[in-house]
*Asks:* 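There's a structure below that I have some questions on.
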Amino acid sequence: MSAENIETIVNLSKRRGFVFPSSDIYGGLGSSWDYGQLGVELANNIKQNWWRWLVYERDDIEGIDSSIIQNRLVWKYSGHEDTFSDPMVDCRECNSRWRADKLEKPECPNCGSKDLTEPRPFNLMFRTTMGATSAEDDPTALAYLRPETAQGIFINFLNVLNTSRRKLPFGIAQIGKSFRNEVTPGNFIFRTREFEQMEMEYFVNPEDAPRILQEWIDSFWQWFQDLGISEKNLLKYEQTDAERAHYAVRTVDILYRFFPEREDEDKQWDELMGIANRTDYDLKAHSKKPENEEGKRLNSDTTDDLSYFDPHTNKRFYPYVIEPAAGVNRTLLAVLMDAYTEKEDERGEKRVILKLKPELAPIKVAILPLKKNKDEIVEMAQKIKKDLLGSMRAVYDDTGSIGKLYARQDEIGTPFCVTVDFDSLEDDSVTVRDRDTWEQVRVNADQLKNYLQERLIKS
Ligand code: GAP
């Protein structure tokens, strides 16, 4: 089973420390969220998995980390200044604002009024100013927070190409924060104004682009399942001409069933990631070339030529780009929803188990003394925890009955609990309990690290 709705995950997150409403003590800040002690670990584990899979396990992808604030011209020539907008309408009755393309009927979802303004484009980029002047006094001070990490990769294409001596096909990967002044953020961490992306731009020969796009769609379809997400909650969706971004000729989204509670099956799904064929749009747009953008480039706007010289054919051309672009936050939400399971215990009480892949679990093992007022047991449990730290994330907990302690660890997805009891003092063994089966086995304390590591790696 998986979570019946996002609200279940909101409650679990707040109760246990995955995600908290941001600025809560001041009444919050619409749709901003802070990742707590467990959420940050889960997010890091997802990001590490993505990075390892793409950058370390393959030999054709480099990683970078570009800055969030870039020269304004990046956004001018990428097309974002002109076209990165959503159609917005205002309700004249209650003054609320809505995305016109998301309204089911032409009426205000807040008050029901049909008195709406005509849709007008609203640019989603966050504006800021660089330095001590204001944008009004000095228009050159205007800057944007990046709305996608991708452009930081395109503007570094030559840097990476020249310093790594790569040949096509090769990719550049990046993980980082992006910002969009969304008209209607919401649904917990699904749509926020500050979020994190995992993007990879894969540079290819133009004729190979359709085939390689399909390969990346298949690879990511599998990657989500390798993260523990069930295939029945995933769907591929071909974007229509009207939906595609200005730079893409084909985009396939991988959707997740984020809204299983909705009656209309079509409305249960929403975007987890997009995989696009961006053609040579971006590299050309940033290049100083006569054919570029029908002469739109200003001579004063200096740049380089981001073309590629093929040593086999002696031809120079602009590579096509295949872009798998995923959100960290939406992946984390999908992983949590899919791992959420309820089970009855022996007393018939409902128990929550978060069946996270052990690799993603924030905490790998909890050490629990069965008698907290027996010094030797506490000492042994503390020593076991200390020995495990460094090899895996381990915690010690003696703040409740053993039933409560197990329940707490099950709810946050800890794959193993280790209990230390009176017998442990005699036979130097401990009991290891499995989160998913609740089965218990006795393991010699000396063997514990190996025992756990083997099972964590195998998962
Ligand atoms: N460079 C291409 C690009 O940015 P996108 O489909 O706009 O494509 C990629 O974004 C992914 O980033 C989305 O599939 C989603 O997972 C995540 N994302 C986009 N906007 C988001 C938002 N406002 N809140 C949370 N995640 C978002």
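For ligands, and for the atoms within them, numbers begin at 1 and follow the listed sequence.
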*Asks:* With atoms numbered from 1 as shown, which atoms in ligand 1 lie under 4.0 angstrom from a non-hydrogen atom of Glu148?
*Replies:*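 It comes down to these atoms of ligand 1: 1 (N), 2 (C), 3 (C), 4 (O).
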
*Asks:* Looking only at N/O atoms, are Gly327 and ligand 1 under 3.5 Å apart anywhere?
*Replies:* yes

*Asks:* With the threshold set at 4.0 Å, does a side-chain nitrogen-carboxylate oxygen contact exist between Glu182 and Arg193?
*Replies:*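 Salt bridge between Glu182 and Arg193, a charged N being under 4.0 Å from a carboxylate O: no.
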
*Asks:* Does ligand 1 have a heavy atom under 4.0 Å from the side chain of Tyr247, from its backbone, from both, or from neither?
*Replies:* side chain

*Asks:* At a 4.0 Å threshold, what atoms of ligand 1 neighbour a non-hydrogen atom of Met273?
*Replies:*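 Here the atoms of ligand 1 in question are 14 (O).
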
*Asks:* Using a plain distance cutoff, I'd like to know if Asn329 has any nitrogen or oxygen under 3.5 Å from a nitrogen or oxygen of ligand 1.
*Replies:*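 N/O-N/O distance below 3.5 Å does not exist for this pair.
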
*Asks:* Please list the nearest protein heavy atom to atom 25 (C) of ligand 1 with its residue and the distance rounded to 0.1 Å.
*Replies:* Phe190 O, 3.1 Å

*Asks:* For Glu199, take its heavy atoms, then give the atoms of ligand 1 lying under 4.0 Å from any of them.
*Replies:* 1 (N), 2 (C), 3 (C), 4 (O)

*Asks:* List every atom of ligand 1 that sits less than 4.0 Å from any heavy atom of Ala325, numbering the atoms from 1 in the order shown and giving each element.
*Replies:*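 Numbered from 1, ligand 1 contributes 2 (C), 9 (C), 11 (C), 14 (O).
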
*Asks:* Pick one: which of Tyr320, Tyr318, Phe157 meets ring-ring contact (aromatic ring centres under 6.0 Å, His included) with Phe203?
*Replies:* Phe157

*Asks:* Of all heavy-atom pairs between Gln151 and Asp282, which one has the smallest distance, and what is that distance?
*Replies:*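 Nearest heavy atoms, Gln151 then Asp282: NE2-OD1, 3.1 Å.
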
*Asks:* Out of all atoms in ligand 1, which are within 4.0 Å of some heavy atom of Glu323? Include the element for each.
*Replies:*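 Within the 4.0 Å cut-off of Glu323, ligand 1 contributes 1 (N), 2 (C).
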
*Asks:* Step through it carefully: locate the ring centre of Phe188, locate the ring centre of Phe190, and say whether they are under 6.0 Å apart.
*Replies:* no

*Asks:* Tell me the protein heavy atom at minimum distance from atom 9 (C) of ligand 1, and give that distance in Å.
*Replies:*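 Protein heavy atom with the smallest distance to atom 9 (C) of ligand 1: Gln197 NE2, 3.4 Å.
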
*Asks:* Taking only heavy atoms of Glu271, which atoms of ligand 1 are found under 4.0 Å from at least one of them?
*Replies:* 6 (O), 13 (C), 14 (O)

*Asks:* Does Arg433 count as lying over the ring of Tyr406, i.e. NZ or CZ under 6.0 Å from the six-ring centre, within 45 degrees of the axis?
*Replies:*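 Here Arg433 passes the 6.0 Å and 45° test against Tyr406.
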
*Asks:* Give a yes/no on ligand 1: does Tyr256 have at least one heavy atom closer than 4.0 angstrom to it?
*Replies:* no

*Asks:* Could you list the atoms of ligand 1 found under 4.0 angstrom from a heavy atom of Arg191?
*Replies:* 23 (N), 24 (N)

*Asks:* Is a donor on one side and an acceptor on the other found under 3.5 Å between the side chain of His80 and the backbone of Asn123?
*Replies:* no

*Asks:* Under 6.0 Å between ring centres, would you say that holds for Phe220 and Trp53?
*Replies:* yes

*Asks:* For Asp253 and Gly274, work out which heavy atoms get closest and say how close.
*Replies:* OD1-CA, 3.3 Å

*Asks:* Examine the proximity of ligand 1 to Arg180 and report which part, side chain or backbone, both or neither, has a heavy atom under 4.0 Å away.
*Replies:*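 Arg180 to ligand 1: side-chain contact only, backbone stays beyond 4.0 Å.
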
*Asks:* Specify the closest pair of heavy atoms between Leu158 and Ser307, including all atoms of both residues, with the distance to one decimal.
*Replies:*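 The pair with the smallest heavy-atom distance is CD2-O, 4.1 Å.
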
*Asks:* Nearest protein heavy-atom contact for atom 15 (C) of ligand 1: which residue, which atom, what distance?
*Replies:*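 Residue, atom and distance for the closest contact: Arg330 NH1, 3.6 Å.
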
*Asks:* If you take the centroid of each ring, where Trp contributes its six-membered ring, are Trp269 and Tyr237 closer together than 6.0 Å?
*Replies:*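 Centroid distance Tyr237-Trp269: not below 6.0 Å, so no.
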
*Asks:* With a 4.0 Å cut-off on heavy atoms, is Leu272 in contact with ligand 1?
*Replies:* yes

*Asks:* Judged by non-hydrogen atoms, does Arg278 sit under 4.0 Å from ligand 1?
*Replies:*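 Yes.
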
*Asks:* Compute the centroid of each ring, for Tyr202 and then for Phe170, and state whether the two points are separated by less than 6.0 Å.
*Replies:* no

